[in-house]
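Below you'll find the structure, written out as structure tokens, and then a few comments.
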Amino acid sequence: MSDIAYQAETLVIGAGLAGICTALELLNNGRAVLLLDGCERQRFGGQAKEAFGGMLLSNTPEQRRNGIADSAELFWRDWQQAAQFQPDSQWAQRWAKAYCERNRSEIYDWLQGYGIGFFPVVQWPERGNYSDGNSVPRYHVAWGCGQGIVQSLVQQLLGHPQANLLRCVFSHTVSALDSCDGRVVGCHGVQPEGAFSVQADNTVVCTGGINGNLDKVREHWDPIYGAAPDNLLSGTHPSADGALHDCVEVVGGQVSNLHYMWNYAAGIAHPQPEYPQHGLSLIPPRSALWMDCHGRRIGPQPMVTGFDTHDLCKTTGHLPEQYTWQIMNKRIADKELAISGSDSNPHFRDRKLLKVIWQALRGNAAQTQWLLDHCPDVVCGNTLDELALQMQRVAPNTTLDIAGMHADIERYDAMLKGPRGLRNDDQIRRIEQLRQWRGDRVRTCKLQPIIDRKQMPLIAIRLRLISRKSMGGMLTDLSSRVLDSQGSPVVGLYAAGEAAGFGGAGISGVRSLEGTFLSNCVFNGRRAAQSIIAG
């Protein structure tokens with residue numbers, strides 16, 4: 001056993017996207033960096049490497065090519081309406097306004113400079129239910145997904161002309177931050193062969209949020225989503241456990257809004273789990289019917305993907321048993337169902353444009369079959385009665401209202417098949433609205449009935465809430481300096497990325513416009529480095 005002592009000009013704790021961007025910006029300015037992470041080296045890049053790679057960006061060439069007129073003013077208006085900022089969230093609001101004004105130059109152009117491009121068709125998630133979402137499409141998918149972003153930046157980092165100023169150490173778990181005379185001067189912890197300590201002039205915390213720790217998630221669960229679920233799934237690596245949040249509080253830093261989370265209502269059990277309660281986050285079909293645990297359609301406002309994730313989670317959390325079913329046929333599943341993440345989207349990840357186009361046109365039958373073969377939450381049947389039998393086997397302790405399920409589906413299908421002027425159903429109106437935008441039209445069926453003999457089998461997916469991202473965290477100013485309870489900087493301490501609630505302990509407020517997570521890791525990390533450089 002041996003103890004190790006390190007010296008560093010700047011210590012960056014966390015080798016995810018925020019930590020990588022901080023380190024890269026420092027190297028670009030000739031500053032020495034120690035990049036330290038608690039996981040093994042193969043997790044270099046953290047959760048960003050697993051992400052789909054979407055970023056919310058405005059005034060980009062992709063938008064102009066798609067005929068989208070956007071502005072910082074419109075972006076800021078949308079952001080405020082979605083966020084519902086509280087009066088005491090001045091720093092979060094300042095970060096959000098700065099993002100709306102500076103995202104093109106400080107994020108998009110910077111990434112483009114490293115050869116990171118975006119898929120040409122801009123997507124349009126989080127449209128909102130009552131004019132409280134994205135007014136225009138802004139969601140840019142990185143060509144290569146999150147994995148491509150991380151790989152490009154890691155390559156730039158390790159191959160940097162001043163790479164001699166960089167040291168990367170892994171499997172080093174921080175136990176505490178060290179301070180002296182009111183200044184943070186490094187940290188100490190454990191590594192495989194003993195203890196370690198780091199003495200540093202500046203320390204940047206980039207260790208992610210709390211959502212890999214389900215106990216901590218439940219501790220801070222907002223009752224707006226109902227009671228903290230017993231059946232909650234985890235879509236975040238357990239290393240995002242919130243331990244550094246506690247360390248920051250010990251040295252006087254302010255941590256707030258941990259009840260702000262960006263969870264999803266469409267989680268399924270991972271067929272090959274890497275940790276307890278490991279789940280997959282689905283992008284659920286718009287044309288499927290969303291039912292409660294008894295098989296009855298949810299309403300009066302139906303649940304429809306693409307409008308308000310926050311509301312979907314609220315609805316699910318207050319339903320009996322806190323899980324739902326989506327009922328669809330094979331055509332809907334093949335065409336519309338997707339799994340979030342780099343590895344689940346290999347054509348995007350590997351930059352196979354023709355295959356992406358072919359799959360969008362023809363659907364993804366291989367994915368549907370994989371889910372049916374391997375995931376216990378996904379079942380099928382050639383009739384509704386057969387399907388109900390399989391659903392009952394998945395959840396034997398909850399009785400299905402099979403007659404009611406028949407009636408709800410038949411009523412919806414009859415509405416679809418009837419005269420267009422008499423289609424008085426909000427889900428149908430929303431599907432028609434979605435299909436007006438080219439990015440959604442290609443991925444959304446044209447008013448597809450559920451019961452269709454040519455599109456069998458019927459498929460049911462049991463969906464649960466899945467823990468994903470923290471939107472609260474360490475309170476930071478626009479220089480990414482951690483602030484104390486009086487609003488003054490904790491000298492020598494910075495935070496970036498999810499650890500900082502992606503800026504100001506809550507840049508998104510209660511409702512993200514989606515795609516603000518990876519991009520804010522870039523934004524926060526670069527700001528932290530620039531502040532250190534400015535001295």
Side-chain angles (χ1 to χ4, degrees), residues 6 8 10-23 33-40 43-48 168-179 183-191 195-200 202-217 219-220 236-258 260-261 467 469-476 480-485 489-506 517 520-521 524-525 528 532:
Y6 300 98
T10 297
L11 165 65
V12 178
I13 306 174
L17 182 57
I20 290 167
C21 292
T22 304
V33 187
L34 172 62
L35 183 58
L36 179 148
D37 198 276
C39 292
E40 300 81 6
R43 280 198 56 79
F44 201 171
Q47 193 170 345
C168 300
V169 293
F170 296 88
S171 301
H172 282 55
T173 302
V174 174
S175 302
L177 297 173
D178 297 328
S179 62
R183 181 186 184 98
V184 172
V185 294
C187 70
H188 65 270
V190 295
Q191 44 88 17
F196 77 90
S197 63
V198 182
Q199 186 174 8
N202 303 287
T203 299
V204 189
V205 179
C206 303
T207 49
I210 69 169
N211 283 59
N213 181 343
L214 292 187
D215 289 337
K216 210 169 187 75
V217 168
E219 177 188 345
H220 294 283
T236 304
H237 193 271
S239 58
D241 59 5
L244 263 293
H245 291 68
D246 298 337
C247 295
V248 164
E249 287 187 309
V250 169
V251 297
Q254 191 174 163
V255 175
S256 59
N257 296 326
L258 289 183
Y260 288 174
M261 302 179 198
S467 172
K469 302 176 182 79
S470 303
M471 296 203 300
M474 303 161 199
L475 181 62
T476 55
S480 292
R481 298 179 298 180
V482 175
L483 305 179
D484 64 18
S485 59
V490 178
V491 181
L493 184 61
Y494 303 78
E498 193 171 355
F502 299 98
F517 306 118
N520 264 317
C521 288
N524 293 178
I532 291 168

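Both backbone and side-chain heavy atoms feed into the values below; hydrogens, waters and symmetry mates do not. Small disclaimer: the values here were computed from a predicted structure and weren't measured.
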*asked:* Run the side-chain contact (heavy atoms from CB on, under 4.5 Å) test on Tyr494 and Thr10 for me, step by step, so that the C-alpha distance in whole Å, both residues' side-chain angles and the decisive distance to 0.1 Å come before the verdict.
replied: CA-CA 10 Å; Tyr494 303 78; Thr10 297; over 6 Å; no
*Heavy atoms, side chains only, cut-off 4.5 Å: are Val169 and Tyr6 in contact?*
yes
*At what distance, to the nearest 0.5 angstrom, does NZ of Lys216 lie from CG of Leu258?*
7.5 Å
*asked:* Give me the atom names and distance for the closest heavy-atom approach of Cys39 to His237.
replied: SG-CE1, 4.2 Å
*Side-chain heavy atoms of Cys187 within contact of Leu11, under 4.5 Å*: yes
*From Thr203 atom OG1 to Ile532 atom CD1, the distance as rounded to the nearest 0.5 Å*: 8.5 Å
*Would a distance-only check, ignoring hydrogens and angles, find a side-chain to backbone donor-acceptor pair under 3.5 Å from Glu249 to Gly253?*
no
*asked:* Could you measure the distance from the CG atom of Asp37 to the CZ atom of Arg43? Nearest 0.5 Å is fine.
replied: 8.5 Å
_Check whether Ser467 reaches the backbone of Asn211 with its side chain - one donor and one acceptor, N or O, closer than 3.5 Å._
yes
*asked:* Quick one: does any side-chain atom of Gln254 pair with a main-chain N or O of Leu483 as donor and acceptor, under 3.5 Å?
replied: no
*What closest approach, in Å, do Phe502 and Cys521 show between heavy atoms, and which atom pair accounts for it?*
CE2-SG, 3.9 Å
*Measure from the side-chain N and O atoms of His172 to the backbone N and O of Phe170, and report whether any donor-acceptor pair falls under 3.5 Å.*
yes
_Non-hydrogen atoms of Asn213 and Asp241 that approach each other most closely_ = ND2-O, 3.2 Å
*Qualifying residue, where the test is side-chain hydrogen bond (donor to acceptor under 3.5 Å, both in side chains) with Asp178 and the options are Gln199, His188, Arg183*: His188
*Is a side-chain donor or acceptor of Asp484 paired with a backbone partner of Gly252 at a separation under 3.5 angstrom?*
no
*Kindly indicate, with the supporting measurements, whether the criterion side-chain contact (heavy atoms from CB on, under 4.5 Å) is fulfilled by Phe517 and Leu17.*
CA-CA 10 Å; Phe517 306 118; Leu17 182 57; over 6 Å; no
*Which atoms form the tightest heavy-atom contact between Gly189 and Ser175, and what is the distance?*
CA-OG, 3.4 Å
*side-chain contact (heavy atoms from CB on, under 4.5 Å) between Gln191 and Ser171, intermediate numbers included*: CA-CA 6 Å; Gln191 44 88 17; Ser171 301; over 6 Å; no
*Knowing that exactly one of Val12, Asn202, Thr22, Val204 qualifies, which makes a side chain to side chain contact (heavy atoms under 4.5 Å, CB included) with Val33?*
Val12
*When rounded to the nearest 0.5 angstrom, what is the spacing between OG in Ser470 and NE2 in His245?*
5.5 Å
*Any side-chain heavy-atom pair of Leu244 and Leu177 under 4.5 Å*: yes
*Derivation of the side-chain contact (heavy atoms from CB on, under 4.5 Å) call for Ile210 and Met261*: CA-CA 9 Å; Ile210 69 169; Met261 302 179 198; 4.2 Å; yes
_Validation row: Glu498, Thr236 side chains within 4.5 angstrom (heavy atoms)_ = no
*When you look at Asn524 and Ser480, which way does the side chain to side chain donor-acceptor pair (under 3.5 Å) test go after all the steps?*
CA-CA 6 Å; Asn524 293 178; Ser480 292; 5.1 Å; no
*asked:* Would the distance check show the side chain of Thr476 and the main-chain N or O of Ala495 forming a donor-acceptor pair, the cut-off being under 3.5 Å?
replied: no
*Between Ala176 and Cys247, what is the shortest heavy-atom contact and its length?*
CA-SG, 3.8 Å
*Do you know the tightest heavy-atom contact between Ile20 and Ala15?*
CD1-O, 3.8 Å
